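To start, the structure itself, in structure tokens.
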Amino acid sequence: TMIVDLLRNDLSIISSNVKVDKFRYCETIITKDKKLIQTSSKISGTLEKNWQNKIGDILISILPAGSITGTPKRKTIEILKDVENYDREFFTGIFGIFDGQNLDSAVMIRFIQKNKNNTLIYKSGGGITSDSILENEYQEMIDKIYI
């Protein structure tokens, strides 16, 4: 609920008529060895006319996604910068297709980053809350890495 509210708030920065269209629905992802349950919500808003001319500004104003950082977003990012012992570089990013009129995009939770020295690093994360059980969160990350 908290993350849906955070994303609704983020979307209201760049759009009007923001609403939660579908709250907490589940989909099953079938893998080679198991089934994973993905919980999602659908949030929508209305962008201003000619939003395509401001696509970079729009994306920068809402990244990193609150569904990745958690809440409160700004404070969480500050804490991570203080406690992590390396330069994260990308917090996460987005990928997608923009044809000049339509954008179909998603947030990258797991991705491969190519470094300047041409090495590749696979990055994967998970959401930790005050109710999280460390072993369960770790197992979920492993399950999703090897999907």
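These numbers come from a predicted model, not from an experiment.
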I'd like to know if [Y] and [X] are part of one continuous hydrophobic network [Ile/Leu/Val/Met/Phe/Trp/Tyr, side-chain heavy atoms within less than 4.5 Å].
X      : Y      : result
Val107 : Met2   : no
Tyr122 : Met141 : yes
Leu11  : Ile13  : yes
Ile142 : Ile112 : yes

Heavy-atom closest contact ([X] atom, [Y] atom, distance):
X     : Y      : answer
Ser15 : Gly45  : OG-CA, 3.8 Å
Ile77 : Pro64  : CD1-CG, 3.5 Å
Ser41 : Val4   : OG-CG2, 3.4 Å
Leu47 : Ile14  : CD2-O, 3.4 Å
Phe95 : Met108 : CD2-CG, 3.4 Å

Exercise. Does anything in residues 56-68 pair up under salt bridge (charged side-chain N to carboxylate O under 4.0 Å, His left out), and if so which pairs, sequence neighbours excluded?
Worked result: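 For residues 56-68, and leaving out neighbouring residues, there are no salt bridge (charged side-chain N to carboxylate O under 4.0 Å, His left out) pairs at all.
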Problem set entry | Qualifying salt bridge (charged side-chain N to carboxylate O under 4.0 Å, His left out) pairs with a residue from residues 34-45, counting only residues at least two apart or across chains |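 Pairs touching residues 34-45 that pass the test: Lys34-Asp143.
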Exercise. What pairs with Ile60 under side chain to side chain contact (heavy atoms under 4.5 Å, CB included), at least two apart in sequence or on another chain?
Worked result: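 Side chain to side chain contact (heavy atoms under 4.5 Å, CB included) list for Ile60, sorted by chain: empty.
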Problem set entry | ILVMFWY clustering at 4.5 Å (side-chain atoms), partners of Ile79 |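 Traced through the cluster, Ile79 reaches Val83.
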Problem set entry | Under the salt bridge (Lys or Arg N to Asp or Glu O under 4.0 Å) test, residues paired with Lys81 that sit two or more places apart |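 Per chain and number, Lys81 pairs via salt bridge (Lys or Arg N to Asp or Glu O under 4.0 Å) with no residue.
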With a 4.5 Å limit on heavy-atom distance, are the side chains of [X] and [Y] in contact?
X      : Y      : answer
Pro72  : Arg74  : no
Thr76  : Lys73  : no
Ile43  : Asp21  : no
Asn115 : Leu120 : no
Glu48  : Lys54  : yes

In residues 22-30, what donor-acceptor pairs under 3.5 Å come from side-chain atoms, sequence neighbours left out?
none

Measuring from atom [atom1] of [X] to atom [atom2] of [Y], what distance do you get when rounded to the nearest 0.5 angstrom?
X      : Y      : atom1 : atom2 : result
Thr39  : Ile3   : OG1   : CD1   : 13.0 Å
Leu59  : Ser105 : CG    : OG    : 6.5 Å
Ser132 : Glu140 : OG    : CD    : 9.0 Å
Asn136 : Asp131 : CG    : CG    : 12.0 Å
Ile68  : Ile94  : CD1   : CD1   : 12.0 Å

Exercise. Taking atom types as modelled, is there a side-chain donor on Gln52 or Asn50 under 3.5 Å from an acceptor on the other?
Worked result: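 Not at all, the side chains of Gln52 and Asn50 share no donor-acceptor pair under 3.5 Å.
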For this session: Look at atom CD1 of Ile121 and say whether more than 12 heavy atoms of other residues, nucleotides or ligands are closer to it than 6.0 Å.
Result: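 Counting neighbours around CD1 of Ile121, more than 12 heavy atoms of other residues, nucleotides or ligands fall under 6.0 Å, so yes.
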For this session: Give a yes or no on whether Asp104 atom CG has more than 12 heavy-atom contacts from other residues, nucleotides or ligands under 6.0 Å away.
Result: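 Open.
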